[in-house]
Amino acid sequence: MIRIFIGYDSKEVVAWNVLAHSIQARSSAPVCIAPVMLSQLSGVFDRPRNDMQSTEFSFSRFLTPWLAGFEGWAIFMDCDMLMRRDVAALWKLRDDRYAVQVVKHVHVPKEDTKFLGQAQTKYEKKNWSSVMLMNCAKCTALTPEYVNRASGLELHQFKWLGDDRLIGELPHGWNHLVGYDSPDPSASLAHFTIGGPWFDEYRDCEFAGEWFEAREAMLASARRAKPA
């Protein structure tokens, strides 16, 4: 079973659902998808929100190994994405030498804001944590207590590992940054990190057409499943 946790943001509900559908529609193996949703983490995640957070799951994403019982492997991904390939191909890249595997972007945004006027922060290892293949038994530092109190940089720069050699590298196509990376028709996973087609100002971005097709496929599936 491929376990996938997707960050949930109340401003991007449609994005969450389209991503989940695009994963299931292309997967050749059984997939279990769960939201990392603040309303479901009451009493566990009590970290106050600050102005530097661009999403509701900016920090709660790091509870993925805890949610998985610190056992086996799990994938975390942001909700502002579109799966364009069989996720089983990503799952096959698991390497027990590492605690976490990511696309190691060198990403220095030029803009100061992104979708809905959210602040665009700049730091080393930016966007590495937006797709994480996690070896949960090697991520035991990520207890709820630690995730609630650690600084943003401690979390997103993987300082909780204590050793960057425990961070493996994924092929770049598994976290293609739309609007930053050069256009890539072969990208496995499109990441609308500045803003996705569900926002009017980004309706013409790279892969927007595919995203709308995926949304329509999801809605058509729901209509077919509706009782007469």
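Along the sequence shown, the residues carry numbers beginning at 1.
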Contact between [X] and [Y] at the side-chain level, heavy atoms closer than 4.5 Å - yes or no?
X      : Y      : answer
Ser60  : Leu38  : yes
His156 : Phe62  : yes
Leu90  : Ser188 : no
Phe57  : Asp78  : yes
Trp16  : Ile33  : yes
Lys104 : Ile167 : yes
His176 : Phe207 : yes
Ile4   : Val31  : yes

If you look at every heavy atom in [X] and [Y], which pair is closest and at what distance?
X      : Y      : value
Trp174 : Leu189 : O-CD2, 3.2 Å
Leu93  : Leu133 : C-CD2, 4.1 Å
Asp184 : Glu206 : N-OE2, 3.0 Å
Pro144 : Leu63  : CA-CD2, 3.7 Å
His191 : Asn127 : CE1-OD1, 3.1 Å
Cys79  : Gly7   : CB-O, 3.0 Å

So, does [X] use its side chain to make a donor-acceptor pair with the main chain of [Y] at under 3.5 Å?
X      : Y      : value
Arg203 : Asp200 : no
Arg26  : Met83  : yes
Arg84  : Pro185 : yes
Glu12  : Asp80  : no

Can you confirm whether more than 12 heavy atoms, excluding those of Arg223, are under 6.0 Å from its CZ atom?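 Above 12, so yes.
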Taking atom CG of Asn50 as the centre, does the number of heavy atoms from other residues, nucleotides or ligands within less than 6.0 Å exceed 12?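 Atom CG in Asn50 is crowded, with more than 12 foreign heavy atoms closer than 6.0 Å.
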Derivation and outcome, side chain to side chain contact (heavy atoms under 4.5 Å, CB included), residues Asp95 and Asn135: CA-CA 8 Å; Asp95 188 330; Asn135 189 351; over 6 Å; no
Tyr202 vs Phe199 aromatic rings, parallel, tilted or perpendicular, using cut-offs 30° and 60°?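 Plane angle over 60°, so perpendicular.
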Relative to the ring of Trp128, is the ring of Phe158 parallel (under 30°), tilted (30 to 60°) or perpendicular (over 60°)?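 Correct class here is tilted.
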State whether a side-chain donor-acceptor pair under 3.5 Å links Ser130 with Asn175.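 Yes.
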Side-chain donor-acceptor contact under 3.5 Å, His172 with Asp181: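 The criterion, which ignores hydrogens and geometry beyond distance, is satisfied for Asp181 and His172.
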Start with the C-alpha gap between Lys138 and Asp96, add the side-chain angles, then the distance that decides, and say whether salt bridge (Lys or Arg N to Asp or Glu O under 4.0 Å) holds. CA-CA 9 Å; Lys138 292 188 176 183; Asp96 284 325; over 6 Å; no
Could Arg47 and Phe59 be counted as a cation-pi pair, given that NZ or CZ must be under 6.0 Å from the ring centre and within 45° of the axis?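 That pair qualifies as a cation-pi contact.
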Common cluster, Met37/Met132, ILVMFWY with side-chain heavy-atom separation under 4.5 Å: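 Hydrophobic grouping puts Met37 apart from Met132.
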Do you reckon Ile2 sits in the same ILVMFWY cluster as Met134, going by side-chain contacts under 4.5 Å, direct or chained?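 No; tracing contacts between hydrophobic side chains, which count when under 4.5 Å, never links both residues.
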Leu82 and Phe192: CA distance, side-chain angles, deciding distance, side chain to side chain contact (heavy atoms under 4.5 Å, CB included) verdict: CA-CA 8 Å; Leu82 178 70; Phe192 303 102; 4.0 Å; yes
Does the ring centre of Trp198 sit less than 6.0 Å away from the ring centre of Trp211?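 Trp211 vs Trp198: aromatic centres under 6.0 Å.
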Using a strict threshold of under 4.0 Å (side-chain N to carboxylate O), is an ion pair present between Lys125 and Asp164?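 A salt bridge links Asp164 with Lys125.
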